[in-house]
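Convention: sequence-line order gives letters A, B, ...; per-chain numbering from 1.
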Number of protein chains: 2
Amino acid sequence: MMETNEYDTYSCPVGKTIELISGRWKPIILYLIQHGINRFGSLQKKMPKISKKVLTEQLRDLEKQGLINRDVRVSKHPQEIFYSLTDTGLSLRELIDQIFDWGTAHLLDETSQKMAKSLMLDQAAK
Amino acid sequence: MMETNEYDTYSCPVGKTIELISGRWKPIILYLIQHGINRFGSLQKKMPKISKKVLTEQLRDLEKQGLINRDVRVSKHPQEIFYSLTDTGLSLRELIDQIFDWGTAHLLDETSQKMAKSLMLDQAAK
DNA sequence: TCAATAAGTTACCAAACAGTAACTATCAAC
DNA sequence: GTTGATAGTTACTGTTTGGTAACTTATTGA
């Protein structure tokens with residue numbers, strides 16, 4: 001077997017996958033969109049600490065990466081924009097759930113444990 | 001059910017888990033250590049593009065995070081240092097394998113596919 | 001016509017992260 | 001006492017990421 005294998009970040013599927021969701025807010029955004037929070041404004045309300053600029057950036061990224069769709073309804077009063085998960089985005093969410101499970105099992109401080117519980121109720125009610 | 005849930009990156013177990021492995025080289029380092037590449041020098045040989053500084057930083061990080069052990073053998077000629085996975089590190093590797101599977105299934109360019117095949121041989125031979 | 005709402009954009013700033021190149025410390029063998 | 005190996009450290013630089021605050025565009029309803 002080849003002993004001279006060389007490893008680089010550019011050819012590592014793990015690194016590339018993590019890149020997809022390593023924006024500070026991306027896992028949360030994917031989670032919220034999957035749960036029907038699909039407007040710019042309602043996403044902002046759920047994440048009071050994110051700025052418009054960064055929210056726009058991360059949404060554009062996710063769109064470019066093929067994880068979400070951006071649909072404009074021009075027919076309405078002020079134009080309305082709806083975000084939704086693509087198939088790839090949905091399958092990635094399943095992976096993120098596994099990451100979530102590992103995290104709640106291994107990272108034990110009070111804040112994240114509290115969060116974990118409230119999220120798990122949501123998961124159970126899916 | 002509370003509709004006023006607010007989401008923040010500091011209380012998200014997914015974000016925290018991803019932080020553990022979001023150093024540019026960390027998934028690869030964990031992979032190599034698990035496969036017996038456990039010396040500073042041999043790690044460097046497998047990742048020719050990493051600098052000593054960054055390799056040191058990432059190893060120190062992984063140690064602080066409780067994912068690897070750093071053992072010094074002073075008895076020997078030039079002092080020898082051996083890295084190994086902790087239990088947490090090992091369980092994280094299993095998660096990383098799932099991320100790996102998702103990545104190889106969904107990210108299809110030639111370089112990563114080539115890499116994927118060679119890594120899968122290794123996995124099969126575990 | 002003027003305020004309100006939705007969904008941004010722009011300019012600017014600070015911290016985090018990755019990288020290069022040169023230098024260091026320790027010991028053993030020659 | 002100098003060379004070579006192992007495992008770093010230091011100083012400096014450049015890029016990426018996230019953040020603030022103010023401004024913009026389009027449309028509708030009072």
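Between the P atom of D:dT27 and the CD atom of A:Glu80 lies a distance of 13 Å, rounded to the nearest Å. Look at CD on B:Gln44: it is 14 Å from P on C:dA21, rounded to the nearest Å. Computed from coordinates, the A:Phe82 CZ to C:dA6 C1' distance equals 11 Å when rounded to whole Å. When the P atom of C:dT9 is taken as reference, atom NZ of A:Lys53 falls 12 Å away, rounded to whole Å. The interatomic distance linking B:Asp71 (CG) with D:dT6 (C1') rounds to 16 Å, in whole Å. One can place CD of A:Glu19 at 15 Å from P of C:dC17, the figure rounded to the nearest angstrom. Per the geometry, CZ belonging to A:Arg73 stands 18 Å off C1' belonging to C:dT5, to the nearest Å. In this structure, the NZ atom of B:Lys52 is 6 Å from the C1' atom of D:dG8, given to the nearest Å.
At a cut-off of 3.5 Å, with distance as the only test, no side-chain donor of A:Thr88 or B:His106 sits close to an acceptor on the other residue. Using modelled atom types and a 3.5 Å distance limit, the side chains of B:Trp25 and A:Thr9 yield no donor-acceptor pair.
Taking 4.0 angstrom as the limit, A:Arg39 places a side-chain polar atom (N or O) nearer than this to OP1 or OP2 of C:dA7. Here B:Tyr83 does not reach the OP1 or OP2 of D:dT6: none of its side-chain N or O atoms lies under 4.0 Å away. For C:dG8, one of the phosphate oxygens OP1 or OP2 lies less than 4.0 angstrom from a side-chain nitrogen or oxygen of A:Arg70.
Within residues 56-66 of chain B, the residues that place at least one heavy atom under 4.0 Å from DNA chain C are, in residue-number order, B:Gln58.
Nearer the 5' end of DNA chain C, as judged by each residue's closest nucleotide, is the contact made by A:Gly41, out of A:Gly41 and A:Thr9. Residue whose closest nucleotide on DNA chain C sits further toward the 5' end, between B:Arg24 and A:Ile81: A:Ile81.
If you take CD on A:Gln58 and CD1 on A:Ile28, they are separated by 10.0 Å, rounding to the nearest 0.5 Å.
Salt-bridge check for A:Glu6 with B:Lys46: failed, with every basic side-chain N at 4.0 Å or more from each acidic carboxylate O.
Sorted by first then second residue, the salt bridge (charged side-chain N to carboxylate O under 4.0 Å, His left out) pairs that include residues 56-68 of chain A, not counting sequence neighbours, are A:Lys26-A:Asp61, A:Lys53-A:Glu57.
Two residues are said to be in side-chain contact when any heavy atoms from C-beta on lie closer than 4.5 Å; B:Arg39 and B:Tyr83 fail this criterion.
Side-chain proximity of A:Trp25 to the nucleotides D:dG19, D:dG8, C:dA7 is greatest for D:dG19.
In this structure, A:Gly103 and B:Thr17 approach most closely via the heavy-atom pair CA-OG1, 3.2 Å.
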